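Scroll down for the structure; my scribbles are underneath it.
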There are 2 protein chains.
Amino acid sequence: MIRSCSWNVNGLRAAMGKGFLDWVASTDADFICLQETKLQEEQLTEDMRHPLGADGRRYASFWSHASRKGYAGTALYTRRDPLSVTTLGIQEFDDEGRTVVADFGDFVLVSAYFPNSQEAGARLDYKLRFCNAILEFCERIRASGRHVIIAGDYNIAHTPIDLARPEQNEGNAGYLPEERAWMDTFTGRGYIDTFRHLCREPGHYTWWSYRAPKAREKNIGWRLDYHCVDPELGPAIRQATIHPEVLGSDHCPVGLVLDI
Amino acid sequence: MIRSCSWNVNGLRAAMGKGFLDWVASTDADFICLQETKLQEEQLTEDMRHPLGADGRRYASFWSHASRKGYAGTALYTRRDPLSVTTLGIQEFDDEGRTVVADFGDFVLVSAYFPNSQEAGARLDYKLRFCNAILEFCERIRASGRHVIIAGDYNIAHTPIDLARPEQNEGNAGYLPEERAWMDTFTGRGYIDTFRHLCREPGHYTWWSYRAPKAREKNIGWRLDYHCVDPELGPAIRQATIHPEVLGSDHCPVGLVLDI
DNA sequence: CTTACTAGG
DNA sequence: CCTATTAAG
């Protein structure tokens with residue numbers, strides 16, 4: 001059994017001041033994937049590197065930083081020793097610290113921060129290149145007979161039930177036809193959105209805008225954070241969860257339990 | 001009798017959130033000179049423009065803004081109608097909103113924000129040009145048979161009793177030989193540092209660094225804010241005060257009562 | 001609105 | 001340390 005959590009923390013240093021370490025200790029996860037750490041190597045503290053887990057042991061961690069200060073960045077906390085940890089290996093994405101890729105032998109876990117397509121789709125092309133790179137990566141792992149888990153902030157609400165105001169957001173970043181079409185392609189190849197696999201109910205979101213007044217308390221949100229897995233892992237999915245009660249970021253954590 | 005107050009507010013918008021309007025209403029001053037307003041015309045609110053005075057009337061106000069956003073800037077609140085309000089009229093100082101010059105007929109009141117000479121005296125030349133422009137301005141007013149009051153943040157501690165740690169600050173911005181020498185020249189021409197005129201005691205400061213831990217509660221400060229007047233006003237000086245209990249900025253307000 | 005950044009003090 | 005700025009989300 002493996003337990004994974006993923007959380008876009010919207011600045012790890014800010015999250016640290018809002019109980020991040022307590023949350024880590026409460027998850028009892030084997031893997032914790034973070035996005036938008038918004039820091040660089042020299043800004044990491046010992047607490048960030050090796051937080052205490054629920055089992056009384058400290059996590060090992062692996063980090064991928066953007067070259068630009070205070071921007072993007074991903075991380076992975078793990079209880080298990082990976083065989084290797086890398087990134088997607090594509091310059092334009094590695095430059096922004098968009099992935100941590102950890103190889104555990106029978107499965108590969110990716111902490112991924114998909115680009116925001118921005119106002120007027122200014123960065124849509126970049127985002128779609130990232131999406132396609134992720135898909136190709138998954139297909140390669142799958143072809144090698146291993147499993148793959150893509151955890152993170154996809155910055156895409158896939159279908160109308162994945163955001164509170166679908167009509168009002170037609171054409172907005174995160175709900176563009178091109179982004180949704182890529183999710184169609186991804187799931188069309190058999191990859192499984194684990195939360196949606198187990199729950200067809202609307203109203204479950206993982207992100208609420210800070211800009212809209214009281215969006216979170218009114219639950220005017222979007223489901224942007226996912227654990228997706230390769231088709232062959234379908235029967236292994238035991239739990240896929242959203243934790244909207246966890247505060248400290250404009251996103252909330254999502255969880256996955258796999259019986260592998 | 002005229003009552004003036006001067007305060008470097010270190011950002012008027014921040015000060016507004018820390019009781020600035022209550023302070024204005026409590027001063028019962030005819031004139032309030034501000035420095036480091038750190039805003040521009042379009043960022044002014046009605047409350048900032050016309051705060052309520054202790055007499056139940058609203059002040060009129062005059063503003064001088066830096067062309068650079070969020071930088072420097074001076075203002076004058078007044079109960080009396082000035083004949084005219086201008087600035088020093090020198091491009092390099094007007095560009096930074098360093099003075100408001102109000103003509104009341106028998107006297108001219110200046111709200112002045114003297115430049116900081118910066119690390120390694122990087123801006124010392126600029127500052128000394130400002131200082132000399134102020135002195136020349138005063139001499140012109142004086143020659144015309146009128147009085148002049150220069151209220152504001154001089155960014156200079158004149159003598160060892162004007163800062164808590166004179167030895168440690170030899171050669172530091174605000175206590176450079178050139179800055180102190182200009183104060184010698186200014187007072188040598190007869191201009192009166194009204195506070196020092198009435199009080200020879202050390203330990204009275206108007207600024208405490210935010211950078212040094214607990215500087216204000218330990219009273220490790222500098223006297224940088226002054227009301228200076230022309231020599232002929234000497235006999236009219238009734239009160240010159242420092243108000244270290246007023247919080248909301250790294251500076252505190254200073255007051256002057258003149259019997260004219 | 002919030003988190004970073006940077007400049008200035 | 002604190003107040004602004006700007007970029008990004």
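Letters A, B, ... mirror the listed sequences (proteins, then strands); counts begin at 1. This is a predicted model, so every value here is computed, not measured.
Each side chain to side chain donor-acceptor pair (under 3.5 Å) pair with one or both residues in residues 208-219 of chain A, not counting sequence neighbours, appears once here: A:W208-A:N219. Screening residues 115-133 of chain A for salt bridge (charged side-chain N to carboxylate O under 4.0 Å, His left out) gives A:E92-A:R129, A:E96-A:R123, A:K127-A:E179 as the qualifying pairs, with residues at least two apart or on separate chains.
For A:A173, the side-chain contact (heavy atoms from CB on, under 4.5 Å) partners are A:N116, A:S117, not counting sequence neighbours. With sequence neighbours excluded, the residues that form a side-chain contact (heavy atoms from CB on, under 4.5 Å) with A:D47 are A:M16, A:L21, A:T45. Taking A:W222 as the reference, nothing meets the side-chain hydrogen bond (donor to acceptor under 3.5 Å, both in side chains) condition, with sequence neighbours excluded. For A:H243, the side-chain contact (heavy atoms from CB on, under 4.5 Å) criterion is met by A:T241, A:E245, A:V246, A:P253, not counting sequence neighbours. Partners of B:D94 according to the side-chain contact (heavy atoms from CB on, under 4.5 Å) rule, which considers only residues two or more places apart in sequence or in another chain, are B:T87, B:L88, B:T99.
In this structure, B:Y126 places its OH atom 15 Å from C1' of C:dG9, rounding to the nearest Å. Straight-line distance from the CG atom of A:L44 to the C1' atom of C:dA4: 15 Å, rounded to whole Å. Summarising the geometry, the separation between CG on B:L247 and P on D:dC1 is reported as 18 Å, rounded to the nearest angstrom. Atoms CD (A:Q40) and C1' (C:dC5) sit 11 Å apart, rounded to a whole Å. Look at CE on B:M16: it is 16 Å from C1' on D:dT3, rounded to the nearest Å. For the pair A:E42 CD and C:dC5 P, the computed distance is 10 Å after rounding to whole Å.
Both the sub-6.0 Å distance and the 45° axial angle are not jointly satisfied by B:R223 relative to the ring of B:Y205.
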Per-nucleotide protein contact string for nucleotides 4-9 of chain D, where B marks a base within reach and S marks sugar-phosphate only (heavy atoms under 4.0 Å, - for neither): SSSSSB
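Within a heavy-atom distance below 4.0 Å of DNA chain C, no residue of residues 162-171 of chain B is found.
Within the 4.0 angstrom heavy-atom criterion, only backbone atoms of the sugar-phosphate kind lie near B:K18; the bases stay farther away.
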